[in-house]
2 protein chains.
Amino acid sequence: MNIISYNLNGLRSALSKGLADWVAQVRPDVLCVQEIKAGREPLDVSALTDLGYHAYLHTAQKPGYSGVATFSLEKPLAVVEGCGQSCYDDEGRVLRLDFAHCSVLNTYMPSGTSGPERQAFKVEWLHFFRRYVRELQAAGVAPLVIAGDYNCCQTELDLRNPKTNQNSPGFTPEERQWFRDFLADGFTDSFRHHHGPVPDRYSWWTYRAGARARNVGWRIDHLLVDNALAPHIRHADMLHDVVHSDHCPVQVELDFNA
Amino acid sequence: MNIISYNLNGLRSALSKGLADWVAQVRPDVLCVQEIKAGREPLDVSALTDLGYHAYLHTAQKPGYSGVATFSLEKPLAVVEGCGQSCYDDEGRVLRLDFAHCSVLNTYMPSGTSGPERQAFKVEWLHFFRRYVRELQAAGVAPLVIAGDYNCCQTELDLRNPKTNQNSPGFTPEERQWFRDFLADGFTDSFRHHHGPVPDRYSWWTYRAGARARNVGWRIDHLLVDNALAPHIRHADMLHDVVHSDHCPVQVELDFNA
DNA sequence: CTTTTCAGG
DNA sequence: CCTGAAAAG
């Protein structure tokens with residue numbers, strides 16, 4: 001099972017840059033996308049459904065803002081939109097698809113970069129989300145694959161300039177601690193598990209100052225899998241040469257027969 | 001004296017489409033532009049001052065909105081920004097440059113197309129402007145050349161679809177009457193004077209539905225000159241093949257020796 | 001720097 | 001259909 005997570009920075013923009021052709025080539029079983037930025041009119045996803053994908057969208061209230069969508073070749077057994085908390089669901093941040101072998105939770109976590117108010121909102125979200133996932137685990141929704149733009153990372157290997165970003169949103173001590181705690185609840189960072197402590201592998205680069213060309217990035221898009229799935233990770237990667245957005249797709253391949 | 005009036009629909013946009021090269025070619029003595037759409041930062045007009053032009057700007061309060069500018073090769077004897085009425089001056093609609101042989105009044109008249117409130121504002125403006133010009137005449141500011149986007153026209157020859165636009169902003173009976181009255185105060189429509197009742201000559205085409213390609217337009221940009229200047233009109237034209245905007249430049253050449 | 005909306009035309 | 005601002009990232 002090939003699962004991809006990809007922050008598109010606008011679904012329409014990404015489609016205009018050839019997203020559908022790339023999806024047709026790679027043909028992931030499940031494609032989790034974030035920041036779809038749906039407008040007042042419903043988004044046209046026919047370019048992807050025409051490839052045989054089932055499409056599930058969870059949009060924000062505010063036009064052109066946030067929103068997630070999951071595309072899957074197999075029809076899911078169940079689909080759950082949102083997390084039941086309106087302050088988050090109004091921003092279109094969570095979408096769950098349950099399959100026979102796993103449950104894929106697609107999430108777009110808040111960015112704290114626009115100010116202290118949003119950083120506080122993000123931290124509240126992080127704690128809420130950890131509780132929410134524990135509840136899913138307790139309810140037997142498992143094994144979970146939590147795909148998405150986490151907007152944070154854990155170790156100094158996960159960003160090019162860790163020293164100068166000790167207190168930047170996405171790498172504050174509080175967020176790093178949260179990441180450790182979250183993993184300790186029973187998750188495996190599929191990329192790190194597969195590659196070990198390799199440096200310079202990122203999933204996001206600011207559009208400013210040619211950061212991507214110089215690989216000045218952050219690894220903030222993750223595919224965390226239930227520890228029970230770790231032995232089934234056949235492959236994991238950051239697809240840094242795929243460019244439809246300021247993020248790149250991140251991928252995990254799970255082999256349920258292994 | 002070659003005078004051009006040109007609604008640029010954004011000075012920066014027009015510059016990006018080669019405005020400066022065109023100005024360098026034509027080299028008008030006076031260039032009156034409208035809808036410069038200055039932002040919070042001062043506009044960079046060095047591309048024009050580098051050609052030897054003196055630059056005078058009258059910007060609106062609201063960033064990115066309205067505003068006029070006049071560029072002249074000769075340094076004017078006097079420059080008057082605005083008309084002394086703050087409700088109009090806040091929108092950057094009037095700029096006067098006095099020269100030895102004439103006074104060039106550059107104006108961007110309100111458009112009434114965004115709703116009845118703005119159409120009412122436009123009609124008030126029209127009456128105010130007529131009074132204002134009479135005061136200038138009375139004060140001996142003469143002979144006047146009133147260049148600009150009038151956002152209205154007078155006769156059925158001035159727009160492609162007069163029948164369906166009898167009550168459209170820019171061609172209401174009230175505005176047509178105003179135009180007649182304004183001319184009766186002592187002005188000559190230089191284009192009409194030079195060409196007579198020719199049809200199909202416009203200065204603005206909506207960007208929608210390929211109107212310009214089909215020449216579905218309006219002649220709403222005018223160079224009205226004091227009747228005393230009419231004998232000095234050597235040439236007048238709509239430069240419809242010059243494209244940096246949804247308007248085209250309009251031109252008059254005055255020969256003060258004739 | 002880029003996406004989207006929005007006002008304004 | 002365009003421009004430019006503004007919010008958000």
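Here is the naming used below: chain letters follow the sequence lines, and residue numbers restart at 1 for every chain.
Side chains of A/Glu35 and A/Ser66: no donor on one and acceptor on the other come within 3.5 Å. Between the side chains of B/Gln177 and B/Gln154, no donor-acceptor pair is found at a separation under 3.5 Å. For the residue pair A/Thr70/A/Asn106, the side-chain donor-acceptor check at 3.5 Å is satisfied. Checked by atom type, the side-chain pair A/Trp204/A/Asp221 shows no donor-acceptor distance below 3.5 Å. Between A/Asn215 and A/Trp205, the side chains place a donor N or O and an acceptor N or O closer than 3.5 Å (distance only, hydrogens not considered).
Nucleotides of DNA chain C lying under 4.0 Å from heavy atoms of chain A occupy a range whose first and last members, 5' to 3', are C/dC1 to C/dC6.
Applying the salt bridge (Lys or Arg N to Asp or Glu O under 4.0 Å) test between A/Arg219 and each of A/Asp237, A/Asp200, A/Asp149, A/Asp189 identifies A/Asp189 as the sole match.
The side chain to side chain donor-acceptor pair (under 3.5 Å) check on B/Tyr65 picks up B/Arg93, B/Arg118, with sequence neighbours excluded.
Residue-level contact check: B/Ala211 touches neither bases nor backbone, having no heavy atom under 4.0 Å from any strand.
How far OG of B/Ser190 is from CG of B/Leu223: 4.5 Å, rounded to the nearest 0.5 Å.
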What one-letter contact string describes nucleotides 4-9 of chain D from 5' to 3', where B marks a base within less than 4.0 Å of any protein heavy atom, S marks contact via sugar-phosphate atoms alone, and - marks no contact? SSSSSB
